[in-house]
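What follows is a set of notes on a single structure, which appears directly below.
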Amino acid sequence: QVQLVESGGGLVQAGGSLSLSCAASGRTFSNYAMGWFRQAPGKERDFVSAISWNNGRTTYPDSVKGRFAISRDNAKNTVYLQMNSLKPEDTAVYYCAMRIRPWFSMVAPTGRGDYDYWGQGTQVTVSS
């Protein structure tokens, strides 16, 4: 059974930085694409970033491009999200996700339905 445990959320002022971690267990981590999503109150869960399993290629939406960076350490079974220049609109619960179904693209998936396992989420609050 796959388990994903996020950590690192908290309260930060606008312009500040936070680093999130997601520790995975239950599968050979290096074989699977990983993603980060976020959900603000009353809104849908949105794509934030993803990293492929085979070439480390990363993907971001325009809303976070240049401010957020996803990375993975396969030896530690952990994926990270470094968030810089945070804005109040980045406030949300952040979830990491793993896709274990076969995925043959060189680009990691970006849709909610593309992922099979989810963590419990970690709250990020950015004050103005």
Do [X] and [Y] share a hydrophobic cluster, counting only Ile, Leu, Val, Met, Phe, Trp and Tyr and linking them when any side-chain heavy atoms are less than 4.5 Å apart?
X	Y	result
Leu4	Leu81	yes
Val64	Tyr115	no
Phe37	Val2	no
Tyr32	Trp118	no
Met34	Tyr117	yes

Are side-chain heavy atoms of [X] and [Y] found at a separation under 4.5 Å?
X	Y	value
Ser63	Arg38	yes
Gln82	Ser17	yes
Leu20	Val124	yes
Leu86	Phe68	yes

Applying ring-ring contact (aromatic ring centres under 6.0 Å, His included) as the test, list every pair that has at least one member in residues 76-107; sequence neighbours left out. none
As an exercise, state the distance from CD1 of Ile70 to OG1 of Thr59, rounded to the nearest 0.5 Å.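 Rounded to the nearest 0.5 Å, the CD1-OG1 separation comes to 8.5 Å.
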As an exercise, state the distance from CG of Asn54 to OG of Ser30, rounded to the nearest 0.5 Å.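 One gets 11.0 Å once the value is rounded to the nearest 0.5 Å.
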Donor-acceptor under 3.5 Å ([X] side chain, [Y] main chain):
X	Y	value
Glu6	Cys22	no
Asp116	Arg101	yes
Arg45	Arg112	no
Arg72	Phe29	yes
Thr125	Thr91	no
Arg99	Asp114	yes
Tyr60	Arg67	no

Charged N to carboxylate O under 4.0 angstrom, Lys87 versus Asp90? no
Minimum heavy-atom distance between [X] and [Y], given as atom pair plus value:
X	Y	answer
Phe47	Pro109	CE1-O, 4.2 Å
Leu18	Gly8	CD2-O, 3.9 Å
Ser21	Thr78	CB-CG2, 4.3 Å
Ser127	Leu11	CB-CD1, 4.3 Å
Ser128	Ala14	CA-CB, 4.4 Å

Just wondering, more than 12 heavy atoms not from Gln123 lying within 6.0 Å of its CD? yes
